[in-house]
Amino acid sequence: MDRHRRALVGLHVIARMLREMGNVRAPATILAAVLERAGGGDAYGRLETPIGAAFIAYNARGVSAVMLRVSAAEFERAFRARFARPIRRVKEMPGSLVTHLTRHLQGTRRSALRFDLRGLSEFERAVLRKALEIPRGEVRPYAWIAREIGRPRAVRAVGTVLAQNPVPVLIPCHRVVRSDGHVGNYGYGPEAKRAVLAAEGVNVKTLEALARSGLHYYGSDTTRIYCFPSCRYARRISDKHRVLFHSNAEAAAAGYRPCAACRPARAS
C-alpha cells in the first residue's frame, strides 16, 4: 500500500513539473537561433560596402535585408517591424556567405548570391529581379524596368518598389536612374548613389552632363547600333565614330537599331 501511495505521489510531482515547464519561455536569442537553424528565422552580421558598413540579415533562403547607417539595435527593431520574424546577431557570418557577398559587391564573378523576398508581391519581385540584371558599371532608367517586365506605364510604381528595396546595394536599385538621365534620389541620399556608382566604374559626371543636354543614347556609325551611354558596348565607341541621339525615335529615323545587350528600345 505504501508503495502504491509513493507511486501516486511521484506521478503528481511529475505532472506538476510538466505543467510548470509549459509556462517557461525560452530566451529570445535561443528562439531565434533554433528558428534560424530550422530555416524559419534570420541571423545578421556586419559587412563593409562601397558606401559604408552595413548590417546584413540572412536565412536558409538567402539574404533578406540590408541596412546602413544604423545601430545594431535600430537594425533589429526595423527588421522585426518589417518582417515580423525573430533575428539574432552573430559574431561572424558563414565564410561561404561572406565570399558570395564579396564577389557580388566586387562583380568579379557571376554571383551565386540568393535572396529571400518573401512577403513581396509578384510585381515587386519582378522589379527587383530586373534590377539585378543591370550589369555592374551600367545604369538603366526606371522606364526601362517598367517596359522590361511588361508594365510600361508603371514607371512611378517601379520607383516606389525600388525606394522600398529591402536589400539595397546588393539588389542594385542605385543602378536605376531617372528617365531624363539624371541620377535621381536614393534611400541614403543622392551623394551616396553617386559614390556607389562611381565605385562600380560609372562616369557619373558624363551621364549628368548628357542629361543636362537632353542626350540619352550613343550610336556607332560603323555598326549602326545605339545604346545607353553606360552600356559596355557604348563605352567602346571611339569619339570619331560616336553619334549622339536625344530619343529612340531620332536614332531609328537615322537608321540605327537598338543594342541587343542594353535594350534601349524593343527591337522590331
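Every value quoted in this text rests on a predicted model; they were computed, and no experiment measured them.
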Are the side chain of [X] and the backbone of [Y] linked by a donor-acceptor contact shorter than 3.5 Å?
X      : Y      : answer
Arg224 : Ala254 : yes
Arg125 : Leu120 : yes
Arg114 : Ala60  : yes
Lys193 : Val183 : yes
Ser213 : Leu215 : no

Are there more than 12 heavy atoms of other residues, nucleotides or ligands under 6.0 Å from atom [atom1] of [X]?
X      : atom1 : answer
Asn185 : CG    : no
Arg263 : CZ    : yes
Glu122 : CD    : yes

Exercise. Step by step, work out the side chain to side chain contact (heavy atoms under 4.5 Å, CB included) result for Val243 and Tyr256.
Key: CA-CA 10 Å; Val243 183; Tyr256 285 68; 3.5 Å; yes
Exercise. Apply side-chain contact (heavy atoms from CB on, under 4.5 Å) to Arg69 and list each qualifying residue two or more places apart in sequence or on a separate chain.
Key: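 Arg69 satisfies side-chain contact (heavy atoms from CB on, under 4.5 Å) with Tyr188, Ala192 only.
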Practice problem: For Pro229, check side-chain contact (heavy atoms from CB on, under 4.5 Å) against everything at least two apart and list the hits. | Solution: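 For Pro229 the side-chain contact (heavy atoms from CB on, under 4.5 Å) partners, ignoring immediate neighbours, are Leu207, Leu210, Tyr218.
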Quiz item: So if you build clusters from Ile, Leu, Val, Met, Phe, Trp, Tyr with side-chain heavy-atom gaps below 4.5 Å, do Val66 and Ile134 land together?
Solution: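 The answer is yes; both residues are in one hydrophobic cluster.
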Practice problem: Give the cluster check for Val155 versus Val139: same hydrophobic cluster or not, with ILVMFWY residues linked at side-chain heavy-atom distances below 4.5 Å. | Solution: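 Unlinked, Val155 and Val139 end up in two clusters.
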Quiz prompt | Derivation of the side chain to side chain contact (heavy atoms under 4.5 Å, CB included) call for Ile87 and Arg85 | solution = CA-CA 6 Å; Ile87 189 167; Arg85 298 197 302 267; over 6 Å; no
Quiz item: With Val176, which of Val127, Leu162, Asn165 fulfils side chain to side chain contact (heavy atoms under 4.5 Å, CB included)?
Solution: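 Answer to the side chain to side chain contact (heavy atoms under 4.5 Å, CB included) test with Val176 among Val127, Leu162, Asn165: Leu162.
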Exercise. Check Thr99, Leu132, Val63 against His104 for a side chain to side chain contact (heavy atoms under 4.5 Å, CB included) and give me the one that passes.
Key: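 For His104, the side chain to side chain contact (heavy atoms under 4.5 Å, CB included) test succeeds with only one of Thr99, Leu132, Val63, which is Leu132.
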How many angstroms lie between [atom1] in [X] and [atom2] in [Y], if you round to the nearest 0.5 Å?
X      : Y      : atom1 : atom2 : answer
Tyr58  : Leu97  : OH    : CG    : 6.5 Å
Asp221 : Ser238 : CG    : OG    : 8.0 Å
Leu68  : Glu48  : CG    : CD    : 9.5 Å
Arg103 : Leu113 : CZ    : CG    : 11.5 Å
Ser220 : Tyr233 : OG    : OH    : 13.0 Å
Ser71  : Phe55  : OG    : CZ    : 7.0 Å

Exercise. Please report the C-alpha distance between Leu170 and Leu105 in whole Å, then the side-chain angles of each, then the deciding distance to 0.1 Å, and finally whether the side chain to side chain contact (heavy atoms under 4.5 Å, CB included) criterion is met.
Key: CA-CA 7 Å; Leu170 298 178; Leu105 287 169; 3.7 Å; yes
What heavy-atom pair brings [X] and [Y] nearest, and what distance separates the two atoms?
X      : Y      : value
Ala211 : Gly181 : CB-C, 3.5 Å
Tyr186 : Val169 : OH-CG2, 3.7 Å
Gly219 : Phe245 : CA-CE1, 4.0 Å
Arg242 : Ile237 : NH2-O, 2.9 Å

[X]: partners by side-chain hydrogen bond (donor to acceptor under 3.5 Å, both in side chains), with sequence neighbours left out:
X      : result
Arg194 : Glu191, Glu208
His246 : Glu250
Asn248 : Tyr217, Tyr226

Quiz item: Between Glu200 and Arg175, is there a salt bridge with N-O shorter than 4.0 Å?
Solution: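 Looking at Glu200 together with Arg175, the answer is yes, because their closest N to O distance falls below 4.0 Å.
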Quiz prompt | Side-chain ion pair, Glu76 and Arg80, N-O less than 4.0 Å | solution =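 Looking at Arg80 together with Glu76, the answer is yes, because their closest N to O distance falls below 4.0 Å.
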Practice problem: Return the set of residues passing salt bridge (charged side-chain N to carboxylate O under 4.0 Å, His left out) with Asp180 (not counting sequence neighbours), or none when no residue passes. | Solution: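 Here the qualifying residues are Arg178.
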Exercise. Go through the steps to decide whether Cys231 and Glu138 satisfy the test side chain to side chain contact (heavy atoms under 4.5 Å, CB included), and finish with yes or no.
Key: CA-CA 6 Å; Cys231 175; Glu138 301 186 25; 4.2 Å; yes
Practice problem: Check the angle between the aromatic planes of Phe75 and Tyr44 and answer parallel, tilted or perpendicular using the 30° and 60° thresholds. | Solution: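 Rings of Phe75 and Tyr44: tilted, 30 to 60°.
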